[in-house]
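Input: a single structure, listed below in structure tokens.
Within every chain, numbering begins at 1; the chains are lettered A, B, ... in the order of the sequence lines, protein sequences first and strands thereafter. Computed from heavy atoms alone, side chains included, the values below leave out hydrogens, waters and symmetry copies.
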There are 2 protein chains.
Amino acid sequence: MVEEICHICNDKATGKHYGAISCDGCKGFFRRSIRKRYHYQCRFEQNCDVTRNKRNACRACRLQKCIKAGMKSNGKPSSLFSTISLLQFPAIQNERDAIGKRKKTSVNGKQDLIEQLVEAENLCQQLRSSVIRNTSSLAPYDCGKVKWNYEDARAATLDDIGKSIHQQLVLFIEWAKSLPQFTFLAQLDKAALLKGGAASIIVLGVAYRSIILTVENTICLANDTLLGKEHATQVGDINCVVGRIIDEIVNPMRRLNMDLYEYVALKAILFFNPVVRDCTDQDAVETARYAVLRSFQKRCVDKALENMEDDTFDCRSGKLLLLLPSLQAIAQQLVEDVQLARLFGLVNVDSLMEELILNDMKPSDPQILQTSLASPVNTSIKAEVEVED
Amino acid sequence: MVEEICHICNDKATGKHYGAISCDGCKGFFRRSIRKRYHYQCRFEQNCDVTRNKRNACRACRLQKCIKAGMKSNGKPSSLFSTISLLQFPAIQNERDAIGKRKKTSVNGKQDLIEQLVEAENLCQQLRSSVIRNTSSLAPYDCGKVKWNYEDARAATLDDIGKSIHQQLVLFIEWAKSLPQFTFLAQLDKAALLKGGAASIIVLGVAYRSIILTVENTICLANDTLLGKEHATQVGDINCVVGRIIDEIVNPMRRLNMDLYEYVALKAILFFNPVVRDCTDQDAVETARYAVLRSFQKRCVDKALENMEDDTFDCRSGKLLLLLPSLQAIAQQLVEDVQLARLFGLVNVDSLMEELILNDMKPSDPQILQTSLASPVNTSIKAEVEVED
DNA sequence: ACGTCAGGGTCAAAGGTCGG
DNA sequence: TCCGACCTTTGACCCTGACG
């Protein structure tokens, strides 16, 4: 026993709990607060005394102090790298069975779903980087967190837009194939999800990639060319898709300080859409969606608790999910844009684009998707992406 | 359970309190007396009976007897180093934080937001009922919870669809006007929200109204006529809007057992869309949206806690919010349907419909909305709804 | 094997609520 | 106003599983 005093209330400590030396009272209080997702509100000035005798007077300030003292619900240090302390971090775990009652063999302990999604994302970003290195002179794109070289960036042409969409589609399929929950689905359902999600997920990706830009009213395409709001209308953006992406998605993402974890979660949630057209096994898709949703909500709550003082993080999961309706609407308009562009012969629509973006009424010829789905991951992707050059 | 009789008044005891076996009454009396430092004085001989029926006759004697029975106001152990007295000692503690639980009056003074929304909804439903009573032979619709009379229901005609949309728009404006958060907005922003939300909110309303139907693949329009999935395609539903409403909204709502509270919350969240076109005061709209979101998430968590065994309620807020992207997409298609129907002269588009559903690019002539917004609630609504007859 | 640490749960006895 | 039936929260104490 190194220390004896509770870092929260100065009572006698009983050891380290959730990352902080604390007493049994503060330990129990913290667990209950996390478990029941309590959101307390201070009735005074947010600076109430939290001492042994007064600790029950204000739960908001007590919880605040727990967090300040280092208590964590998932133990992940908020923004620091910690590859070492991945072992042994404190955490509020899942509820256990009641003591004294019969045990129900519970299944858990598997790797966090959201971490898996981050890995899948990193894989695809590496793929993209290597492709871009070969097709342009830009620095590789490191998972949306690299600083931007404005000097190197150039404005997108109509051709860039078409190529970018094509690239994104190829990467999208690779991404999907790397998700276990996807691979277990029937072939037809795979096609349904790909077709139903392509446009939205491309828009989501473009938006997330663009939050690091500091130049106003501009988005960053998949091949790292830039597309400004006004410029876009000259290259076929009849529906102001670019403007809407910036106003309705990129700026809100910036305000919310959306991070990579949240991005990959939203992407997967969007993708596993059980009510997508022609989906036969809705339950399987729904299960996958809800599994991601559960991880996502948990992480949002954790993040909110680590940032109690910052209102941005309150109701975080809801705020982020509310980006999706706009996203859906914009994606639909993007499809219209592409349809119109094809109608006027402005853009060269290849078969993959036709299959995934222009969702026709007719039951699609599954040839193209079959080919993409059948090929093993990483095999000649570069070749496939560059085939358009 | 050690003893059963209160040592102070012989009432039934509820356990040991402050060091004495006692009832809840004596427990509460002792706490209040100590907390408020009451000094009672006996008006008789200091030997009043303290029994269940007479205990409130003399507070001085009651408190005296509490103390005699062993109640202690301060359990400070005689010495700090008495490791033996680790047993809990009775004490009146300091005042704690408010917990706010018991039904009705809610936390921090102001009425719960979601309750306000339910009231607004009920008001509009009453309005609708009275309108329908005058224009059809159907029983009044009681807030979505009345049983359906299949014999009385009839299939919707194209005319019904147009009328239904018009009715919904009028009620939509009335509903918005009844929300305080709406009335505080600038005139232009009001128009922006109404235009941006009309289609989605009509679809949401139709869907929620339809969950009580037990007949398959059918929705219930605002004037209580029925519209089947197949039948709809014959009356201008080119985009399969009806089918999508059923598959993507109504059925998921049924699976989730969505209730009225959740419906009104989603409606308001959808309505207060800060990124709607032409909105100048995004912050005000966002504040309104997030206020509803907060109430909504809180209620979802409460509902989940009440139904721990039922998996349906896990992540409830997220599951419900995920109805909105589909809803948005469908609403957009409904707009297209209406546009096409007008193009082919199939439907009579009145000015309100033109203004709210067919969001043109041109900055709209604010005449029509101004009129609607200016008129006091409840004034000649019936006349306005029936103007089309 | 066995103690320590840090998760989890329990439930008596504190607390607060609010109609009467 | 105060009372007290009824509810929630607290925290001392105990159980469990991982690790050395």
Side-chain angles (χ1 to χ4, degrees), chain A residues 1-3 6 8-9 11-36 38 40 52-59 62-63 71-75 87-101 103 106 108-109, chain B residues 1-3 6 8-9 11-36 38 40 52-53 55-57 59 62-63 71-75 85-107 302 305:
Chain A
M1 190 87 53
V2 193
E3 308 222 26
C6 171
I8 291 102
C9 70
D11 196 0
K12 196 172 167 189
T14 61
K16 200 186 237 190
H17 304 292
Y18 311 110
I21 307 286
S22 55
C23 63
D24 267 341
C26 290
K27 166 196 162 186
F29 171 76
F30 187 72
R31 185 177 56 232
R32 283 192 298 272
S33 299
I34 303 297
R35 273 284 171 64
K36 296 195 166 181
Y38 281 141
Y40 308 123
R52 149 111 232 231
N53 288 322
K54 294 181 194 160
R55 66 191 176 198
N56 285 316
C58 177
R59 289 126 100 214
R62 189 182 190 182
L63 183 56
M71 281 194 174
K72 291 267 163 31
S73 54
N74 72 344
L87 313 160
Q88 250 196 359
F89 48 75
I92 295 285
Q93 303 170 355
N94 288 329
E95 219 163 327
R96 291 183 188 169
D97 284 327
I99 291 177
K101 287 174 191 168
K103 279 208 167 189
S106 67
N108 61 6
Chain B
M1 194 69 65
V2 197
E3 307 226 19
C6 171
I8 291 101
C9 71
D11 196 359
K12 199 171 164 186
T14 61
K16 201 184 237 190
H17 303 293
Y18 311 112
I21 306 289
S22 56
C23 64
D24 264 343
C26 291
K27 165 196 162 186
F29 170 76
F30 187 73
R31 181 174 57 235
R32 282 192 297 271
S33 300
I34 302 299
R35 276 275 176 70
K36 297 191 174 171
Y38 282 138
Y40 309 122
R52 151 130 226 205
N53 291 320
R55 67 193 178 197
N56 285 316
R59 292 152 158 190
R62 189 181 190 185
L63 183 55
M71 282 195 174
K72 294 274 190 321
S73 62
N74 187 341
S85 72
L86 282 173
L87 299 162
Q88 253 174 318
F89 43 84
I92 298 290
Q93 305 173 351
N94 286 323
E95 212 167 335
R96 288 188 185 172
D97 204 355
I99 55 176
K101 199 44 206 182
R102 223 138 119 181
K103 61 194 173 188
K104 261 328 174 196
T105 50
S106 86
V107 285
D302 290 346
L305 287 172

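We find that CZ of F30(B) is positioned 13 Å from C1' of dA14(C), with the value rounded to whole Å. To the nearest angstrom, C1' of dT10(D) lies 16 Å from CD of E95(B). Atom CG in D24(A) sits about 14 Å away from atom P in dC5(C), given to the nearest Å. The NZ atom of K12(B) sits 11 Å away from the P atom of dA5(D) (whole-angstrom rounding). When the P atom of dT10(D) is taken as reference, atom CZ of R96(B) falls 6 Å away, rounded to whole Å. Between the C1' atom of dA5(D) and the CZ atom of R52(B) lies a distance of 11 Å, rounded to the nearest Å. Nucleotide dG15(C) holds its P atom 17 Å from the NZ atom of K54(A), rounded to whole Å. Rounded to an integer number of Å, the gap from R32(A) CZ to dA14(C) C1' is 12 Å.
Of the listed nucleotides (dA12(D), dG11(D), dG7(C)), dG7(C) has the atom at the smallest distance from the side chain of Y18(A). Of all nucleotides listed (dC2(D), dA5(D), dT9(D)), dT9(D) comes nearest to the side chain of I99(B). Candidate nucleotides dA5(D), dC2(D), dG15(C) were compared by shortest atom distance to the side chain of R59(B), and dC2(D) ranks first. The side chain of H17(A) lies closest to dA6(C) when the candidates are dA6(C), dC2(D), dG15(C). For K16(A), the side-chain atoms get nearest to dA6(C) when compared with the rest of dA6(C), dG11(D), dT9(D). Among dT9(D), dA14(C), dC2(D), the nucleotide with an atom closest to any side-chain atom of Q93(B) is dA14(C).
Here the shortest heavy-atom pairing between D97(B) and R59(A) reads OD2-N, 2.8 Å. Minimum interatomic distance between S22(A) and C26(A) (heavy atoms only, all atoms of both residues): CB-CB, 4.3 Å. Here the shortest heavy-atom pairing between I21(B) and I8(B) reads O-CD1, 4.3 Å. When all heavy atoms of F30(B) and M71(B) are compared, the pair lying nearest together is CG-SD, 3.4 Å.
Evaluation of atom-type donor-acceptor distances gives no pair under 3.5 Å for the side chain of R55(A) against the base of dG11(D). If you check distances only, the side chain of K27(A) does reach the base of dG8(C) with a donor-acceptor pair under 3.5 Å.
Using a 4.0 Å heavy-atom distance criterion, R31(A) is classed as a base contact. At the heavy-atom level, G28(B) lies nowhere under 4.0 Å from the strands shown.
Seen from the ring of F29(B), R55(B) does not count as a face-on cation partner, given the 6.0 Å and 45° thresholds.
Position along DNA chain D of the nearest nucleotide to F29(A) versus C26(B) favours C26(B) as the more 5'-ward residue.
Side-chain N/O atoms of N56(B) include one lying less than 4.0 angstrom from OP1 or OP2 on dG4(D).
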